[in-house]
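Order of the sequence lines sets the chain letters (A, B, ...), proteins ahead of strands, with each chain counted from 1.
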There are 2 protein chains.
Amino acid sequence: MRKVAIVGTGHTDFVSGSPKTEIEMFCEAAAEAMGECGIGPERIQALYCGNVFGDFAEGQGMIQSYIANELGLHHVPATRFEGACASATLAIRDAFVWVASGFYDIVLVGGTEKATAMGTPLATRTFAMGTDAKYESAAGLTFPGFFALLAHLYADRYKVPMERLREQMSLVSVQSHFYGTKNPHAQFKHKQVTVEQVSSGFLVASPLRLLDCCPFSDGAAALVLASEEAAKKLTDKPVYITGVGQASSPRLSAQAPYVPRIRAREISVKQAYDMAGIGPSDVDICELHDCFSIASIIAAENLGFAENGKGGELWEKGETKIGGKIPINISGGLKAKGHPIGATGASQTCEIVRQLRGDLADSGRQVEGARIGLVDTLGGDGIIANLVLQAGW
Amino acid sequence: MRKVAIVGTGHTDFVSGSPKTEIEMFCEAAAEAMGECGIGPERIQALYCGNVFGDFAEGQGMIQSYIANELGLHHVPATRFEGACASATLAIRDAFVWVASGFYDIVLVGGTEKATAMGTPLATRTFAMGTDAKYESAAGLTFPGFFALLAHLYADRYKVPMERLREQMSLVSVQSHFYGTKNPHAQFKHKQVTVEQVSSGFLVASPLRLLDCCPFSDGAAALVLASEEAAKKLTDKPVYITGVGQASSPRLSAQAPYVPRIRAREISVKQAYDMAGIGPSDVDICELHDCFSIASIIAAENLGFAENGKGGELWEKGETKIGGKIPINISGGLKAKGHPIGATGASQTCEIVRQLRGDLADSGRQVEGARIGLVDTLGGDGIIANLVLQAGW
């Protein structure tokens, strides 16, 4: 297997109510990624695209083929991946193996999604298709309800008083919004919030309040992947994908032996760590799937950054900030940066690459000296995919 | 790269109005495929699933995760591929590389789709999301219209009088229905048709009539793929995937230099032929994408079985029957076997494997002595994927 590097990154603004189509947003991100490493479309040998609801949002199936057309990627193999909110990370893991195996030298991968045009009630119902249709969503379970259940289970299982968990969850959102103001692509780049505002906000699904929940978003992100040999000609700062992992959980009701832990994440991230030959203490920066504030706390534990039941303490102690033990979601995360679901994994990866390269020095959110980053993306209830990224210079 | 074999096949009945869910149908096919090679779910390392409209048909996104759950594939990576009607073939090509690269030894791949519950008018409109949403489907273009346009272009470009093309197209459908009666899984296993019936049927989109068009269908098919080493322990008759190809075309209106040829198919099948080290004259049996009768004629040319404009003559001369130069769609094809879109590529592959193994001796549709088979699947307008399959004993 060959080493695979990320040599170009592109990221649109994440917004509500984009006037652009999903295809246009992907192309905007892809053009930036290709420009960053100085290649034209004729160098791209294959396209991998994460997208969840192009058909529902815009009546566009098989979107990857039209993206290839718009970008001038004439006749390349173009494949769409769908694993709910983890779609783009599945696409990246897959693009990785096509390059690692020697099939291709340079490929384009990313994701795009336009969710806000549906409006919140319909989008909530549509997103719920990422849970089991036979028993769960049919019974009225939507994702706010899903994570609200996990929050109650968490408090009960680990004996964290709900009052303390409430404060921990608020701290998660406060930090995400703080760093979101330093990310010019963030949907809430102008909005800071306080613990009091989060804790007393509109109740969505007890105990989750409005500011515990990530928004619906429109946006895209893209990456150029290259073999080690090709990468060295395209950039001085290749970021290698040194570990990949992916696993699936059954429906929520079948996860009883594990919840609130998400067992698939524990399996997936172990694959990624083992493949990279690292452990959680080696990670310098992490973008994890904070669709709800409680999700951040659970994820931090599953990824090995804290013991079960102690995840919230990372935020209490400031360990998740720049300068802390494990900086988490310094992009603003799904909460403040936004969550265009089919694009999210590519956005997380883009952020880590830019952090490792030291590109963000002027932003106020650079994690100095970071060499190893971890990407964590959750789809539905749930598919998990993880990537370990390492500075290669 | 390691050699990759197909060691198990499974195929549900293709029907209209299945009482089963897409998940149940996939599991039925998967259980047959795993049983055929004598393995249980604990041996499967990853799942690859083609599915187009699980969300529209049943409100189920991320269907692969729930399939893994139902099959007892605990926590395996499970990925859904969508490339309209080519979805399952994209999944197979992808599963191939994960085994070829050494990442996995045994994986499960297939497709499932339930299209008939929507009813024909809604299904026609839903399927049209496989064309460009901005200019084509928005202007009213559906797939019957798309292929009707190709038929007129074909007659004009190659100076085939429409009366003769009409008869050639009818011969395509007559042959498919004839062999369909020999396939117990076929949707129209009880229905033979005559040239007169096809040529005088209900006009759908001039010149295409009802019996030129494949049906909407429900069904699933699945395959177990294994590395050469693993395959030898699981079967005496491994069928190797010796060539794979995939390419994308832009929207129909941007294909002007090529139509009625589908340039992506010419590129894709060349990749597959070159990788396998064969040419069209080496192919003993082919399952091609006959969504409409004219599509068969065009595909036979693009795949190298006839010169442009001469494809219909293969059917006129009986060269596409058993005993002919290139037996095509001896399963009954999409026309008579049925076309559950996300499953179609897996169904085609299943049929070729069973032909190469000589499993169909009692069916009246066995192509004796076939050693090399070709799979051809078209998605939308279009993504093409091809597989070359070779008997390995």
Identify which of [options] forms the greatest number of heavy-atom pairs closer than 4.5 Å to chain B.
| options | answer |
| --- | --- |
| A:Ile23, A:Thr79, A:Ile267, A:Ile384 | A:Thr79 |
| A:Asp381, A:Ile63, A:Thr126 | A:Asp381 |
| A:Ala100, A:Gly61, A:Cys49, A:Ala264 | A:Gly61 |
| A:Leu47, A:Thr131, A:Val52, A:Leu73 | A:Thr131 |

Quiz item: Does A:Ser101 use its side chain to pair, donor to acceptor, with the backbone of B:Ser101 at less than 3.5 Å?
Solution: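 Side chain of A:Ser101 to backbone of B:Ser101: no pair is present.
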
Exercise. Answer yes or no: is there a donor N or O on one side and an acceptor on the other, between the side chain of A:Ser65 and the main chain of B:Ile383, under 3.5 Å?
Key: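 Side chain of A:Ser65 to backbone of B:Ile383, a donor-acceptor pair under 3.5 Å: no, none is there.
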
Exercise. Just give me the residue among B:Ser249, B:Ser248, B:Ala133 that pairs up with chain A most often, heavy atom to heavy atom, under 4.5 Å.
Key: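 It is B:Ser248.
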
State, to 0.1 Å, how close [X] and [Y] come at their nearest heavy-atom pair, and which atoms those are.
| X | Y | value |
| --- | --- | --- |
| A:Met62 | B:Glu82 | N-OE1, 3.0 Å |
| B:Val97 | A:Phe103 | CG2-CD1, 4.0 Å |
| B:Asp132 | A:Tyr66 | N-OH, 3.3 Å |
| B:Pro77 | A:Gln246 | CG-O, 3.3 Å |

Proximal component of [X], with respect to chain A [non-hydrogen, under 4.5 Å]:
| X | result |
| --- | --- |
| B:Phe56 | both |
| B:Leu90 | side chain |
| B:Arg93 | both |
| B:Tyr135 | neither |
| B:Asn51 | neither |

Quiz item: Is the number of heavy atoms from other residues, nucleotides or ligands under 6.0 Å of A:Arg125 CZ greater than 12?
Solution: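 Atom CZ in A:Arg125 is not packed in, count stays at 12 or less.
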
Quiz item: Above 12 or not: heavy atoms from other molecules or residues under 6.0 Å from CZ of A:Arg43?
Solution: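 Counting other residues, nucleotides and ligands, CZ of A:Arg43 stays at 12 neighbours or fewer.
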
I'd like to check [X] versus [Y] (side-chain heavy atoms, cut-off strictly below 4.5 Å). Are they in contact?
| X | Y | result |
| --- | --- | --- |
| A:Glu24 | B:Lys134 | yes |
| B:Pro250 | A:His75 | yes |
| B:Glu58 | A:Met129 | no |

Quiz item: Does the side chain of A:Tyr48 pick up a donor-acceptor pair with the side chain of B:Asp94 at under 3.5 Å?
Solution: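 The answer is no; no qualifying pair exists.
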
